[in-house]
Structure formats: C-alpha cells, structure tokens
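All chains are named by letter (A, B, ...) in the order of the sequence lines, taking the proteins before the strands, and each is independently numbered beginning at 1.
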Amino acid sequence: MMEGVPTVSRNAPMPATTEDASRVDAVRKWFHEAGRELPWRDGGTSPWGVLVSEIMLQQTPVVRVEPVWHAWMERWPTPAALAASTQADAIRAWGRLGYPRRAKRLWECAVALVERHDGEVPSTLEELRTLPGIGDYTAAAVVSFAFRGRATVLDTNVRRVIGRAWRGEALPAAHQTVAERALAASLVPQDDEGAADWAAASMELGALVCTARVARCDECPLASSCAWLAAGRPGLAEAPRRTQPWHGTDRQVRGRIMAVLRAASSPVNVTGHATLEDVEPGQLDRCLEGLVEDGLVTVVSADRGTYAL
DNA sequence: AACGCGGGGGC
DNA sequence: GCCCCAGCGTT
C-alpha cells in the first residue's frame with residue numbers, strides 16, 4: 001500500500017457527518033410544521049394511490065394533479081380496476097395533464113401489476129424499476145412514500161436543495177453526477193421511517209422554499225448553514241434556462257389532436273376537422289404518424305383518414 | 001449525453 | 001411572455 005493513498009474506494013458510501021445529520025433534522029422539523037397536507041400523503045392512501053400520484057406528478061405541478069388524482073382513484077381504486085378498462089379511457093381520464101404517454105404507461109403498468117404481481121404494487125426498487133413508466137426517481141418515491149422504506153429519493157427539488165445548501169450551487173446541472181448521487185445517498189437517515197421522512201421533507205423544502213428562481217431564504221431552516229446563501233446566492237441569473245418553444249410546434253399540434261380525439265366517442269376525420277384547419281397538412285400528417293407510432297392513436301380507416309384513441 | 005414529449009399557473 | 005414543474009424512454 002502506497003503512502004498517502006486513501007485506502008477507501010472512491011465509490012464507497014460516504015457517511016454523513018454529525019453536521020449533516022443536524023441539517024437533515026432541521027429540514028424534517030420544518031416539514032412537520034410547514035409541510036402541506038396532500039391527499040396522497042394521507043396515511044390511508046394505498047401504494048397504488050401513491051404510484052398514481054407519482055406518475056401524474058412527473059413534470060406536472062401539484063395543483064393541477066390533485067383533482068385528476070381524486071377522480072382517477074374514485075374510478076380505478078386498484079390496479080385490477082384500471083387494467084380492466086381500456087387504454088383509451090385512461091387517456092381520456094388523464095385529461096389535460098400533459099404527456100399522455102404517461103397515461104398509456106400507467107395503464108400498461110396496471111396490466112403488468114395484474115399479470116406479474118397479482119394486482120399488487122411491489123415494494124422493492126428492483127421490481128418497481130421494471131414497470132412501465134417507472135424510472136429511478138419514481139421507484140425510490142414509491143418505496144419511500146408508499147412503503148416507508150429507505151431509498152435515495154432524488155428529484156429536481158432535492159437536487160436543488162442539496163446543490164445549494166451543501167454544494168453552494170444555484171441550480172442543478174442537466175444530468176445527475178456520481179458525486180451528487182453519493183452525497184444524496186449519504187444524507188439519507190439510516191432508519192426506514194427517518195429516511196422516508198427526509199425524502200418528503202427535502203422535496204417539500206424545494207417545492208415551497210428553496211424554489212428555482214425566487215428562493216425564500218428567510219423562511220429556510222438551513223439558512224444559517226447554507227453554502228449558497230453564505231456565498232451571496234451566486235449564479236442564479238447566469239444559469240441556463242430550459243424554456244422550450246411552444247406555439248406552432250409539433251408538441252402543440254400533437255396536444256391539439258389528442259384533445260380532439262379525447263372528446264370524441266367515435267372515430268374522427270382528423271385531417272378534415274374544423275379545429276385543426278390552421279395546421280399545415282404536412283405537419284398534421286407528421287404529428288398523426290408520430291402519435292400512431294407512439295401507440296397513443298389508432299388508425300381506424302386510412303382511406304377516410306379517420307383516427308381514434 | 002441529448003432529445004422529444006403537454007400544458008398551465010406564477011412571476 | 002418567460003420559466004418551471006415529484007421524469008421517462010429512446011437514440
């Protein structure tokens with residue numbers, strides 16, 4: 001062994017310091033005082049209810065999800081109930097939440113739960129991760145929020161909180177780094193309940209206080225120890241924006257086509273539809289083709305140009 | 001690693 | 001009008 005070379009692998013889990021632990025505790029304490037009461041946080045919510053909420057919350061704010069989640073759970077209280085319905089009905093019930101492929105995958109997920117898991121939501125990261133629409137974040141969130149298990153829940157909120165308070169960075173990079181993940185993992189309390197509590201608390205802090213562009217540092221339980229605040233909150237104005245064009249894009253046209261098809265109970269002649277008159281025929285065809293390719297839309301009659309969900 | 005994918009509310 | 005939001009799957 002060479003002198004001065006660390007004997008611990010760089011990939012070994014880094015233990016949290018006692019200061020880390022006290023900061024984690026501060027965020028948890030704040031959460032119990034200031035956290036929102038959201039329906040899917042109700043202790044009586046089933047793992048299925050938590051899973052549905054997590055899929056809906058992927059890139060969609062809480063206020064928009066809430067009413068749709070209630071209606072969804074009323075109609076399909078179990079995976080078996082949704083699996084017995086059609087993909088088209090799932091997409092209709094999804095309404096205007098956006099990214100309708102999530103509705104498709106949620107329906108496929110329900111089918112997979114019935115076929116592979118006896119209609120139950122599995123409780124391990126590995127099993128969850130194989131289900132349609134469930135990636136690293138959502139699998140960890142279900143373990144944590146539905147089963148109160150220990151997982152590293154690292155969403156955009158938690159990344160921002162850790163990035164600022166621990167690393168002194170204004171906004172997280174586009175992609176997670178190994179170091180970032182290791183730091184996040186090191187902060188997770190050892191006990192299951194503590195871990196689940198920290199996951200919810202750190203996300204809530206990012207959602208309510210440590211927000212992207214207008215951080216409310218005066219309300220933050222980490223204000224006295226935050227690396228970013230101590231440095232004078234640098235880099236916020238220079239941080240790259242993620243704004244995407246909208247008006248006239250394929251994205252918008254796809255959404256408009258889906259809105260027409262959701263509202264219809266029988267096949268629609270999309271290319272001759274009054275609502276879509278202003279769309280260039282070439283773009284309309286391209287978007288239609290893409291939606292069919294994505295499995296969101298079916299061709300009823302190519303001759304007559306009719307389509308349905 | 002980069003890209004495509006909705007929609008709406010806050011600022 | 002800009003900007004962000006409890007990401008995922010594919011290339």
**Message:** Can you list everything that forms a side-chain hydrogen bond (donor to acceptor under 3.5 Å, both in side chains) with A:D155? Sequence neighbours excluded, please.
**Reply:**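 A:D155 satisfies side-chain hydrogen bond (donor to acceptor under 3.5 Å, both in side chains) with A:N157 once adjacent residues are dropped.
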Which pairs would a plain distance check flag for residues 260-270 of chain A, meaning a side-chain donor or acceptor within less than 3.5 Å of a matching protein atom at least two apart in sequence or in another chain?
from	atom 1	to	atom 2	distance (Å)
A:R262	NH1	A:G95	O	3.4
A:N269	OD1	A:T271	N	3.4
A:N269	OD1	A:T271	OG1	3.1
A:N269	OD1	A:G272	N	3.1
A:N269	ND2	A:R304	O	3.4

**Message:** Can you tell me the base-pairing partner of B:dG6? Count Watson-Crick or G-U wobble geometry only, both distances below 3.5 Å, and say none if there is no partner.
**Reply:**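 B:dG6 is paired with nothing.
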Any donor and acceptor pair, going by atom type alone, linking the side chain of [X] with main-chain N or O of [Y] inside 3.5 Å?
X	Y	value
A:D197	A:G194	no
A:H273	A:T275	yes
A:S53	A:W40	no
A:T211	A:L208	no
A:T298	A:A308	yes

**Message:** Does A:E204 form a salt bridge (Lys or Arg N to Asp or Glu O under 4.0 Å) with A:R41? I'd like the steps, not just the answer.
**Reply:** CA-CA 12 Å; A:E204 192 77 338; A:R41 278 186 189 151; 2.8 Å; yes
**Item:** Whole-angstrom distance between C:dT10 and B:dG7, as gauged at atom C1'
**Value:**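 The answer is 23 Å between these two C1' atoms.
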**Message:** Please give the distance between the P atoms of C:dC8 and B:dG8 as a whole number of Å.
**Reply:**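 It comes out at 23 Å once rounded to the nearest Å.
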**Item:** Of A:L171 and A:R129, the one whose closest DNA chain C nucleotide lies more 5'
**Value:**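 Nearest-nucleotide comparison on DNA chain C picks A:L171.
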**Request:** Taking only heavy atoms on the protein side, list every residue of residues 145-161 of chain A lying under 4.0 Å from any atom of DNA chain C, sorted numerically.
**Result:**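 A:D155, A:T156, A:N157, A:R160, in order of number.
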**Item:** Within residues 133-141 of chain A: residues closer than 4.0 Å to DNA chain C (heavy atoms)
**Value:**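 Here the set is A:G133, A:I134, A:G135, A:D136, A:Y137, A:T138.
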With a cut-off of 3.5 Å and sequence neighbours excluded, list every side-chain donor-acceptor pair involving residues 65-80 of chain A.
from	atom 1	to	atom 2	distance (Å)
A:W69	NE1	A:G49	O	2.9
A:T78	OG1	A:A81	N	3.1

**Request:** Walk along DNA chain C from 5' to 3' and tell me the first and last nucleotide with an atom closer than 4.0 Å to a non-hydrogen atom of chain A.
**Result:**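 Listed 5' to 3', the contact boundaries are C:dC3 to C:dG9.
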Contact list please: [range] against DNA chain B, heavy atoms, distance less than 4.0 Å, in numerical order.
range	value
residues 35-54 of chain A	none
residues 95-112 of chain A	A:R96, A:L97, A:G98, A:Y99, A:P100, A:R101, A:R102
residues 59-78 of chain A	A:Q59, A:T60, A:P61, A:R64
residues 272-283 of chain A	none

**Message:** One pair to check against salt bridge (Lys or Arg N to Asp or Glu O under 4.0 Å): A:R148 and A:D192. What are the steps and the verdict?
**Reply:** CA-CA 6 Å; A:R148 310 303 293 181; A:D192 286 358; over 6 Å; no
**Request:** If a pair satisfies ring-ring contact (aromatic ring centres under 6.0 Å, His included) and one of its residues is in residues 131-188 of chain A, list it, with sequence neighbours excluded.
**Result:**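 Checked against ring-ring contact (aromatic ring centres under 6.0 Å, His included) - neighbours excluded - no pair reaches residues 131-188 of chain A.
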**Item:** Close side-chain approach of A:K104 and A:E108, heavy atoms under 4.5 Å
**Value:**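 Yes; the side chains approach each other to less than 4.5 Å.
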**Nearest heavy atoms of A:L171 and A:A212, plus distance in Å** =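 Here A:L171 and A:A212 meet closest at CD2-O, 3.7 Å.
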**Note: A:E169-A:R164 ion pair, threshold 4.0 Å (strictly below)** =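 Not counted as a salt bridge, because no side-chain N and carboxylate O are separated by less than 4.0 Å.
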Listed pairs under 3.5 Å, donor-acceptor, residues 287-297 of chain A side chains, sequence neighbours left out:
from	atom 1	to	atom 2	distance (Å)
A:D294	OD2	A:R101	NH2	3.0
A:D294	OD2	A:R254	NH1	3.0
A:D294	OD2	A:R254	NH2	2.8

**Asked** Would you say A:R213 reaches B:dC11's phosphate, i.e. side-chain N/O to OP1/OP2 under 4.0 Å?
**Response**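 A:R213 to B:dC11 OP1/OP2: no side-chain N or O under 4.0 Å.
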